[in-house]
There are 2 protein chains.
Amino acid sequence: MDDQTDQTRKPRADAIRNRERVLEAAKAVFSAGGPEASLEAVAKRAGVGIGTLYRHFPTREDLFEAVYRREVEQLSELAEQLKSAKDPVDALRRWLRSGVEFVATKKGMVAALALAVQSGSELHAFSFDRLTKATGSLLDRAVAAGEMRADISPEDLLRAFFGMCYIHDQPGWQSTALRLLDVFVDGLRVQPKSSPRGPAKTKSRATKRKR
Amino acid sequence: MDDQTDQTRKPRADAIRNRERVLEAAKAVFSAGGPEASLEAVAKRAGVGIGTLYRHFPTREDLFEAVYRREVEQLSELAEQLKSAKDPVDALRRWLRSGVEFVATKKGMVAALALAVQSGSELHAFSFDRLTKATGSLLDRAVAAGEMRADISPEDLLRAFFGMCYIHDQPGWQSTALRLLDVFVDGLRVQPKSSPRGPAKTKSRATKRKR
DNA sequence: TGTTAAGCGGAGGGTGCCTCCGTATCTTCC
DNA sequence: GGAAGATACGGAGGCACCCTCCGCTTAACA
């Protein structure tokens with residue numbers, strides 16, 4: 001798009017490498033320890049000095065933001081891949097399930113992201129837009145195939161998804177969320193005329209709660 | 001209910017006083033500085049030593065929780081008072097507006113509360129229950145007076161309220177939220193047959209954005 | 001009024017934040 | 001290939017905050 005035609009040198013190789021390392025380490029550390037995690041721990045894990053970390057990401061928020069962007073992009077790419085799956089409804093379902101897993105494994109990350117989203121609304125806009133597009137592309141395909149009702153917007157779907165993940169601190173939340181998602185996707189489905197409402201085939205209906 | 005009949009001394013007067021002071025100070029400091037605010041600042045503002053603060057509230061979360069409980073109770077009491085107002089619809093509206101103000105003035109507090117709610121679900125249950133009851137009592141009165149539709153539950157109303165405050169980081173959010181609330185309350189109203197929809201009388205429609 | 005335990009304050013050791021600057025390394029130009 | 005200069009690196013150091021610990025103070029009770 002806009003390559004800087006200023007006579008700026010291209011960035012040094014080690015700088016690029018270090019930036020990458022820090023991002024990788026930050027993702028791991030924040031996932032485990034939440035948004036409060038020590039930046040010095042991040043630097044150590046990345047194998048760089050604390051000064052280097054601060055040069056690349058002057059504030060904690062900058063670092064969050066960078067990690068966040070990357071995660072969102074990754075989710076979007078998954079949607080891209082799923083677009084070539086055979087069954088469009090299943091593709092959508094799989095994507096949403098990945099979203100749950102994303103929330104589950106990131107744990108601390110989620111709180112961090114919430115923080116990041118609070119502080120900068122530009123980032124919020126970016127990610128919402130990105131996820132909406134990803135959802136939309138999967139949704140459209142299912143609708144085009146005549147397998148889903150057409151009156152649900154990607155935004156609605158996203159909101160529903162976030163709503164279902166809202167309980168992500170309760171004990172058995174993950175299986176609950178997955179079950180809700182299944183029900184929801186079933187509801188999105190164009191009902192076959194034969195059965196007014198096909199039973200949702202709840203697999204693992206056990207309300208297994210661990211601690 | 002259960003006064004301790006054990007032969008325990010009654011708590012010392014200074015202990016009670018100090019606990020109160022710390023709570024007061026914490027409310028102020030967290031409101032201004034958010035959940036990260038220094039506990040030492042809280043102690044200083046309360047005019048007690050840091051050790052005293054930690055004795056009363058061993059962890060940061062304990063302190064949050066105590067402040068939170070008290071705030072929720074205060075909101076509930078406001079509802080109690082409003083129940084004796086003449087116009088039941090107006091009472092409900094006023095209560096909701098107070099909720100917006102609550103969110104607005106507390107600013108940092110809100111993030112803190114979110115944290116507190118995350119960590120302990122018992123607290124969450126308590127506060128949700130409390131607020132639901134408060135909302136319900138106001139809602140019921142309006143419905144009983146024949147001025148509001150009867151098919152909205154207090155929970156729904158609360159959820160809608162939280163949804164409208166969700167944007168509480170955007171610049172002009174407060175006037176937006178108040179406007180949304182007005183519209184919503186109008187919508188709850190039993191429509192008089194004469195006018196199909198009374199205009200919502202948007203006062204201050206300026207989208208004043210500061211910063 | 002004396003006894004006693006509950007409560008108080010703040011010093012201090014530990015950790016993390018962030019800045020600053022001498023040193024090391026990469027890029028560019030010859 | 002080598003010199004020059006820009007760019008990036010690392011980590012010491014000053015500061016703020018966290019939380020514990022313990023000698024001193026003071027309220028409750030007899």
Side-chain angles (χ1 to χ4, degrees), chain A residues 3-26 28-67 108 111-112 115-116 119, chain B residues 3-26 28-67 108 111-112 115-116 119:
Chain A
D3 46 4
Q4 63 275 36
T5 35
D6 313 3
Q7 62 270 41
T8 47
R9 277 192 184 192
K10 82 177 168 191
R12 277 171 52 163
D14 54 347
I16 294 175
R17 182 169 15 94
N18 280 331
R19 192 189 151 87
E20 200 59 27
R21 280 186 186 165
V22 169
L23 275 177
E24 207 65 37
V29 170
F30 286 145
S31 292
E36 323 278 47
S38 153
L39 294 189
E40 264 157 12
V42 173
K44 185 173 285 179
R45 184 183 179 109
V48 304
I50 186 67
T52 298
L53 186 150
Y54 273 95
R55 197 167 331 96
H56 284 296
F57 307 99
T59 73
R60 183 178 283 266
E61 275 68 36
D62 289 333
L63 185 51
F64 279 159
E65 180 169 331
V67 177
L115 260 183
S119 60
Chain B
D3 48 1
Q4 64 276 34
T5 36
D6 313 2
Q7 63 271 41
T8 47
R9 277 194 183 190
K10 84 176 167 189
R12 282 172 50 161
D14 54 348
I16 295 175
R17 183 169 13 94
N18 280 332
R19 192 190 150 87
E20 200 58 29
R21 281 187 185 165
V22 169
L23 276 178
E24 208 64 38
V29 170
F30 287 146
S31 292
E36 324 278 47
S38 152
L39 295 189
E40 265 158 11
V42 173
K44 184 171 287 181
R45 184 183 179 109
V48 305
I50 186 68
T52 299
L53 185 150
Y54 273 97
R55 197 167 333 94
H56 285 295
F57 308 98
T59 73
R60 181 179 285 266
E61 274 69 35
D62 289 332
L63 185 51
F64 279 159
E65 180 169 330
V67 177
L115 260 182
S119 59

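Below, each value reflects all heavy atoms present in this structure, side chains not excepted, and no hydrogens, waters or symmetry copies. First the proteins, then the strands, lettered A, B, ... as listed; each starts at 1. All values reported here derive from a predicted model rather than from experimental measurement.
Checking the phosphate oxygens (OP1, OP2) of dA8(D), no side-chain nitrogen or oxygen of Asn18(A) falls inside 4.0 Å. At dG7(C), none of the side-chain N or O atoms of His56(B) fall inside 4.0 Å of OP1 or OP2 (strictly under the cut-off). Note on Ser38(A): a side-chain N or O is less than 4.0 Å away from OP1 or OP2 of dC17(C). Side-chain nitrogen and oxygen atoms of Thr52(A) include at least one within less than 4.0 Å of the OP1 or OP2 phosphate oxygen of dG10(D).
Counting to the nearest Å, the C1' atom of dG16(C) and the CG atom of Leu63(A) are 15 Å from each other. Atom CG of Leu53(A) is separated from atom P of dG16(C) by 14 Å (rounded to the nearest Å). In this structure, CD of Glu20(A) is placed 17 Å from C1' of dA8(D), rounded to the nearest angstrom. In this entry the distance linking CG of Asp62(A) with P of dC17(C) reads 15 Å, nearest Å. Note: CZ (Phe57(A)) to P (dA8(D)) measures 13 Å, nearest angstrom. In this structure, CG of Leu39(B) is placed 14 Å from C1' of dT20(D), rounded to the nearest angstrom.
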Indicate for each nucleotide in nucleotides 19-30 of chain C, in 5' to 3' sequence, whether protein heavy atoms under 4.0 Å reach the base (B), only the sugar-phosphate (S), or nothing (-). B-----BSBS--
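In the interface, the side chain of Glu40(A) is paired with the base of dC18(C) through a donor and an acceptor atom under 3.5 Å apart.
Glu61(A) has its side chain out of reach of Glu65(A): every pair of non-hydrogen atoms, C-beta onward, lies at least 4.5 Å apart. Within the 4.5 Å cutoff, the side chain of Asn18(A) has no heavy atoms near those of the Leu53(A) side chain. In this structure, Glu36(B) and Glu36(A) have side chains that are in contact, with non-hydrogen atoms separated by less than 4.5 Å. Residues Phe30(A) and Leu63(A) have side chains in contact (heavy-atom distance under 4.5 Å, counting atoms from C-beta outward). Counting heavy atoms from C-beta on, the side chains of Arg60(A) and Tyr54(A) never come closer than 4.5 Å. Contact annotation: the side chain of Arg55(B) approaches that of Thr52(B) to within less than 4.5 Å [non-hydrogen atoms, C-beta and beyond]. Using a 4.5 Å cut-off on side-chain heavy atoms (C-beta onward), Phe57(B) and Arg19(B) make contact.
Mapping Gly49(A) and Ala37(B) onto DNA chain D by nearest heavy atom places Gly49(A) closer to the 5' end of the strand.
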